[in-house]
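Throughout, protein chains are lettered first and strands after them, A, B, ... in sequence-line order, and every chain is numbered starting at 1.
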There are 2 protein chains.
Amino acid sequence: MEFSQLRYFEAVARLGNVTKAAHEQHIAQPSMSKALQALEQEVGVQLFDRVGRGVELSDAGALLLPYARRVLAEIQAARQALQARADLTVGHVSLGVTPTVGTRLIPQALATFNRRYQGIQLELHEAGASELVELLNAGVVDLAIVSALVHGVESTTLLSEPLVVVVSQQHRFAQRQSVLASELRDEGFIVFPQGYELRNYTLQLCEQAGFAPRIVLDGGEMDTVVSLVAAGLGVAVVPQLAIDQRIGLHALAIADGGLQRTLRLIRHSQRQPSPAAAALYRVLHEWVSQHYAQASIG
Amino acid sequence: MEFSQLRYFEAVARLGNVTKAAHEQHIAQPSMSKALQALEQEVGVQLFDRVGRGVELSDAGALLLPYARRVLAEIQAARQALQARADLTVGHVSLGVTPTVGTRLIPQALATFNRRYQGIQLELHEAGASELVELLNAGVVDLAIVSALVHGVESTTLLSEPLVVVVSQQHRFAQRQSVLASELRDEGFIVFPQGYELRNYTLQLCEQAGFAPRIVLDGGEMDTVVSLVAAGLGVAVVPQLAIDQRIGLHALAIADGGLQRTLRLIRHSQRQPSPAAAALYRVLHEWVSQHYAQASIG
DNA sequence: TATAAATCATAGTCTGAGGCTATCAATTAT
DNA sequence: ATAATTGATAGCCTCAGACTATGATTTATA
């Protein structure tokens, strides 16, 4: 039972005429006759009664017809669904991010994406970098933004943002524009939890300056950390962009070291991105290049 | 998009493995690979991601899969429906009869049929012989029982029943076993309506005996006619079988003439009977041969 | 880390399903 | 009667879809 046979069968049943159906289906009349015979042979019953000149649907044909129509409708629906997916009028894309990435980039870029592709459903997964790679390999997320260098996946640099030392506006360095890492030897540090890249960056900065940081508070998300800094509890190393919109804080460039956090957009190297995932990929790069032209290294 | 392609696609999606799916579908592995590629080419998207050793359903594949499964289910359902029809576990058959036929034959024969083929729906159409032929040609009824000879359709003799003159038990002939047609010259006749074969038989009998019958009452179905005869209103010519179960009546054989009414089972000569129609055909003949062996001429 | 096993893709061959044209047979309209 | 319409048959041809053999790549294992 081939699809062409069902299509031909439906045409003959609808038109009640082999010749006309053959024309409609763009085949020769004998081919149509043969196709019907083949279908009848396969299902083992006569589908049409050859009555006089002309044919008409038999009892069995009338039984088969609705099934045939449903099959043809399903196939058409499948084609349309795939087409809609390619046209980006429907779809789904899942983005993974590490927790500190979201602050400004994600909401605005996703809002842009959503305005442009109304029918595509967005999904956001927040997790650590290594877990994101697992989600990517498992196919749970299509793309992910991480700050660490990861292996085994295809990655592009989304943007590089400078890391700054942030202090309260009452702090002794509050009037300065930059510090040397070594000047932070006596400061109390507020650091991100285990596993966060920003924690590693911080520890690395101190180590290179030749001291082990005195940790005032360990753990806490971005919001908490910057609030604690504003309250004068200590200093912290954060991305420049994370404090753009905050008041009561002062950012100090790090004169030596010049640390930067690089956000990478990663995707599965072997999996073909869906049209929706490819679109999100484009929108993210586009949004960054328009809003962070100065920060993006490319 | 061929049926086999969807079947293969579903197998690979289910098993996540081209080789195993090829085994299951009884084709060689390269044939499976090629079939998948052909399907992907046709729909214009990748349906599987070839990730490492093994394949897994892509975004587009996941979209297509439910459609494919519905198509396969519909085709299976269609096959089962046709099979059930052939097995006589489901079906439909429509029988046409002329009004005076029904009295004993139809109810009992149809009851037998229904006991044997529980799933098959019966439909009964009562109409005149010429209308029944039209219904037969239009495919509304599968079979019909008529008493007249009709042309252009395939007919078999179901049974021949003798026509008798029926009188009331108070009638002057009530003690006799038979009469000559000419003896009925002075009787009042109750006749069936225009178009009924029994009316024609009656008039024909009188004409051959050399007189025109005096018609007391014209029109009326079988029940009415025999009731009127029992009430002494007149005589009538009816089939022997029609009055078997009645009291207050006396039947007289017609010594000369010896008229018989032949019931014929007709079907369309070009249309292939459905299994249900063929079964009803068999049951009717079978029932007649078992219950009217003496009456059936064959 | 080298070797074996597993898995999918490619190359090349062959057969038959399904297309075509030409024509016949049967029915219906003129 | 004659012409037109319609479906079936015969005979031919092409390519889709099957096969075997083999290659390339990844993963498991000694």
Side-chain angles (χ1 to χ4, degrees), chain A residues 1-43 46-58 61 134 137-139 151-154 268-272, chain B residues 1-43 46-58 61 134 137-139 151-154 268-272:
Chain A
M1 197 183 290
E2 294 302 320
F3 286 144
S4 56
Q5 290 177 339
L6 286 188
R7 204 172 60 240
Y8 297 164
F9 164 71
E10 194 277 337
V12 174
R14 176 163 37 80
L15 299 173
N17 184 304
V18 174
T19 305
K20 290 194 181 75
H23 281 154
E24 188 196 82
Q25 296 292 315
H26 305 111
I27 61 170
Q29 171 264 312
S31 305
M32 181 60 86
S33 289
K34 240 170 70 174
L36 293 182
Q37 286 169 16
L39 182 59
E40 286 179 328
Q41 173 128 30
E42 196 202 316
V43 300
Q46 231 175 277
L47 298 172
F48 293 98
D49 291 299
R50 279 69 173 175
V51 47
R53 116 179 163 186
V55 295
E56 58 185 46
L57 209 55
S58 76
E134 278 176 31
N137 283 328
H151 300 284
V153 293
E154 195 175 311
H268 198 284
S269 56
Q270 294 178 307
R271 218 184 293 273
Q272 163 104 345
Chain B
M1 196 185 288
E2 293 303 319
F3 173 46
S4 57
Q5 288 176 340
L6 286 190
R7 206 174 60 239
Y8 296 166
F9 164 70
E10 194 277 337
V12 174
R14 178 163 37 81
L15 299 173
N17 184 305
V18 174
T19 305
K20 291 194 180 76
H23 280 154
E24 188 196 81
Q25 297 292 316
H26 305 111
I27 60 171
Q29 170 265 313
S31 306
M32 181 61 86
S33 288
K34 241 171 75 175
L36 293 182
Q37 285 168 17
L39 183 59
E40 286 179 329
Q41 175 129 29
E42 197 203 315
V43 300
Q46 231 176 279
L47 298 172
F48 293 97
D49 292 299
R50 279 68 172 173
V51 46
R53 113 179 167 187
V55 295
E56 60 184 47
L57 210 55
S58 78
E134 279 175 30
N137 283 327
H151 299 285
V153 294
E154 194 176 313
H268 198 283
S269 56
Q270 294 178 307
R271 219 185 291 276
Q272 163 104 346

Starting at [atom1] of [X], measure out to [atom2] of [Y] and round the result to the nearest 0.5 Å.
{"X": "A:Lys34", "Y": "A:Gln41", "atom1": "NZ", "atom2": "CD", "result": "12.5 Å"}
{"X": "B:Glu2", "Y": "B:Arg7", "atom1": "CD", "atom2": "CZ", "result": "11.0 Å"}
{"X": "A:Lys20", "Y": "A:Met32", "atom1": "NZ", "atom2": "CE", "result": "12.5 Å"}

Q. So do B:Ile27 and B:Tyr8 actually touch side chain to side chain, heavy atoms under 4.5 Å?
A. yes

Q: Report yes if a side-chain nitrogen or oxygen of A:Gln37 is closer than 4.0 Å to either non-bridging phosphate oxygen (OP1 or OP2) of D:dT9; otherwise report no.
A: yes

Q. Which residues, if any, of residues 10-21 of chain B bring a heavy atom under 4.0 Å of DNA chain C?
A. B:Asn17, B:Val18, B:Thr19, B:Lys20

Without decimals, in angstroms, what is the distance between [X] [atom1] and [N] [atom2]?
{"X": "A:Glu56", "N": "C:dT27", "atom1": "CD", "atom2": "P", "answer": "15 Å"}
{"X": "B:Asp49", "N": "D:dT26", "atom1": "CG", "atom2": "P", "answer": "15 Å"}
{"X": "B:Leu39", "N": "C:dC8", "atom1": "CG", "atom2": "C1'", "answer": "17 Å"}
{"X": "A:His23", "N": "C:dC20", "atom1": "NE2", "atom2": "C1'", "answer": "13 Å"}
{"X": "A:Leu36", "N": "D:dT9", "atom1": "CG", "atom2": "P", "answer": "12 Å"}
{"X": "B:Leu47", "N": "C:dA9", "atom1": "CG", "atom2": "P", "answer": "12 Å"}

Closest heavy-atom contact between [X] and [Y]?
{"X": "B:Leu6", "Y": "B:Leu39", "value": "CD2-CD2, 4.4 Å"}
{"X": "A:Asn17", "Y": "A:Val55", "value": "N-CG2, 4.3 Å"}
{"X": "B:Ala38", "Y": "B:Gln5", "value": "CB-NE2, 3.6 Å"}
{"X": "A:Asp49", "Y": "A:Leu57", "value": "OD2-O, 4.4 Å"}
{"X": "B:Leu47", "Y": "B:Val43", "value": "CD2-CG2, 4.3 Å"}

Q: Please confirm whether the backbone N or O of A:Phe48 pairs with a side-chain atom of A:Glu40, one donor and one acceptor, at under 3.5 Å?
A: yes

Q: Please determine, by modelled atom types, if A:Gln37 and A:Ser33 share a side-chain donor-acceptor pair under 3.5 angstrom.
A: no

(Q) I'd like to compare against my own output: the B/S/- annotation of nucleotides 14-24 of chain D with a strict under-4.0 Å heavy-atom distance to protein. (A) ---BBBBB---

(Q) Please report the end-to-end axis angle for the helix from C:dT1-D:dA30 to C:dT30-D:dA1, five pairs per end, rounded to 10 degrees. (A) 30°

